[in-house]
Number of protein chains: 2
Amino acid sequence: MDAKEISKAVIKRLPRYYRYLGELMEEKVERISSNDLSKKMHVTASQIRQDLNNFGGFGQQGYGYNVEYLYTEIGKILGLDTIHPMIILGAGNLGQALANYGDFEKRGFRLVGIFDINPVLEGISVRGIEIRMINSLPEFIRENQVEIAILTLPKNKAKEMAKVLIDNGIKAIWNFAHTDLDAPEDVIVENVHLSESLMALSYNLSQYRNEHKENKE
Amino acid sequence: MDAKEISKAVIKRLPRYYRYLGELMEEKVERISSNDLSKKMHVTASQIRQDLNNFGGFGQQGYGYNVEYLYTEIGKILGLDTIHPMIILGAGNLGQALANYGDFEKRGFRLVGIFDINPVLEGISVRGIEIRMINSLPEFIRENQVEIAILTLPKNKAKEMAKVLIDNGIKAIWNFAHTDLDAPEDVIVENVHLSESLMALSYNLSQYRNEHKENKE
DNA sequence: TAGATTGTTAATCGATTAACAATC
DNA sequence: TAGATTGTTAATCGATTAACAATC
């Protein structure tokens with residue numbers, strides 16, 4: 001009874017609603033209409049109402065949406081009302097940067113371990129968490145009920161380590177390696193391919209230049 | 001005469017084609033059909049042919065696509081055949097991690113400067129590039145013809161600094177700050193909202209759990 | 001009550017997939 | 001030439017927008 005499947009596009013927009021609602025709360029705004037929110041966010045009011053109604057009627061006719069209530073509800077939908085024990089695999093620059101990013105913690109993402117394959121790093125602490133070696137990974141995942149693994153290893157190691165993670169029962173992988181991972185259906189993989197994002201930027205840059213070249217000749 | 005507008009969805013897929021073609025080259029594969037590539041990438045062959053034909057007929061009937069040729073052509077489309085001088089704004093953990101990421105360089109993204117607002121960091125070198133203060137930014141952008149700014153400042157500083165960048169002629173901003181930026185149409189903004197990506201992962205995690213709860217009771 | 005604004009259905013738009021003639 | 005595979009048109013599918021009755 002999983003009702004209607006929610007489209008990926010809708011899911012991707014939810015965190016942005018959540019962010020704007022958080023800002024409205026900081027500004028002590030109590031209620032907002034889909035129309036006002038649409039102007040702030042540069043989307044259509046219709047899309048906002050459609051998106052929210054996938055999850056239930058959070059608004060009230062003639063009134064709009066209660067900001068705090070909607071914020072909380074979207075938080076629940078996103079699973080931010082639960083603690084998610086999380087490890088980092090790859091204690092390089094990016095891994096350490098993510099380890100040092102404190103905001104995750106307050107959304108329920110609790111970093112409990114950092115792992116690497118390089119013995120030189122063993123025992124070094126990042127944000128009070130000491131770097132462990134891969135051989136202790138299986139036991140650690142079980143004992144700490146780790147759900148999420150952040151994968152910041154180089155691509156040649158990533159696929160192999162993803163397998164280890166999956167074999168040991170990890171539920172989700174946040175993948176920063178420049179490769180696609182093979183994972184069974186019940187393991188969630190969310191990719192952050194930074195170089196691909198930069199290439200998209202680069203495309204738009206070249207594109208804009210070409211479009212405006214003729215006019216200048 | 002900018003012909004037909006290419007959809008954003010297509011652009012987002014190009015870097016992935018580029019990555020797979022690069023891997024095929026490493027494996028010394030000379031040619032590939034849309035059908036074989038579609039199996040590797042888990043997309044439809046039809047989509048591959050449609051996508052590529054937005055930019056021209058790169059294939060040959062009865063033969064398929066020449067891997068190296070297609071790789072080069074997609075590289076050109078993405079603007080990877082040009083040098084893009086680039087600066088980082090925000091020398092925190094993430095900024096330094098990106099500075100240390102060497103792969104950008106070989107795609108034409110040349111890091112020429114790192115800036116911060118914290119005077120303590122002034123003069124410290126990251127990857128041979130010393131951290132500069134914001135007051136020298138305008139002159140630096142002009143003299144080095146900087147095109148791209150990587151914005152890794154905290155969100156309260158990001159909007160303000162984006163304005164400085166734009167006023168001084170930056171062409172594109174790769175935005176890692178947890179906020180949307182206001183930019184005129186001719187300035188490209190590519191957002192990387194890491195926490196939103198993690199929330200999407202979290203949603204899928206909760207979702208999967210809910211779908212399988214009933215079965216276990 | 002009258003005005004405002006949602007929830008929801010219907011219409012439109014765009015993107016993906018299927019099909020096949022063209023052609024190497 | 002026969003077989004393979006593209007480029008491209010047509011069909012389908014899904015997502016976005018518009019419209020409006022329901023209702024606070």
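Letters A, B, ... are given to chains in the order of the sequence lines, protein chains preceding strands, and every chain is numbered from 1.
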- Note on the structure: Stem ranges of DNA chain C by first residue number, counting only runs of at least 3 Watson-Crick or G-U pairs under 3.5 Å, come to C:3-24 with D:3-24
- From the 5' end of DNA chain C to its 3' end, which nucleotides mark the outer limits of contact with chain B, defined by a 4.0 Å heavy-atom distance cut-off (strictly under)? C:dA15 to C:dC24
- Charged N to carboxylate O below 4.0 Å: is that the case for A:K163 and A:D167? yes
- Query: Which comes earlier along DNA chain D counting from the 5' end, the contact point of A:A9 or that of A:R49, where each point is its nearest nucleotide?
  - Reply: A:A9
- Message: Does this structure show an ion pair linking A:R16 with B:E196, if we count only N-O contacts that are shorter than 4.0 Å?
- Response: no
- Task: Answer yes if the ring centres of B:W174 and B:F109 are under 6.0 angstrom apart, and no otherwise.
- Result: no
- Query: So, A:D51 and A:Y17: side-chain donor and acceptor under 3.5 Å apart, yes or no?
  - Reply: yes
- Those residues of residues 57-71 of chain B lying under 4.0 Å from DNA chain C by at least one heavy atom: B:Q60, B:Q61, B:G62
- Would you find more than 12 non-hydrogen atoms of other residues, nucleotides or ligands less than 6.0 Å from B:K157 atom NZ? no
- Item | Donor-acceptor pair between A:D180 and B:Y20 side chains, under 3.5 angstrom | yes
- Query: Are more than 12 heavy atoms from other residues, nucleotides or ligands located less than 6.0 Å from atom CZ of B:R13?
  - Reply: yes
- Query: Would B:K12 and B:E190 pass as an ion pair if we require N to O under 4.0 Å?
  - Reply: yes
- Message: Any base atoms under 4.0 Å from B:S46, or only sugar-phosphate, or nothing? Heavy atoms, all strands.
- Response: base
- Message: For the residue pair A:R31 and A:Y63, would you count it as a cation-pi contact if the rule is NZ or CZ under 6.0 angstrom from the ring centre and within 45 degrees of the ring axis?
- Response: yes
- Single hit among A:L137, A:I170, A:I117 for side-chain contact (heavy atoms from CB on, under 4.5 Å) with A:L89: A:L137
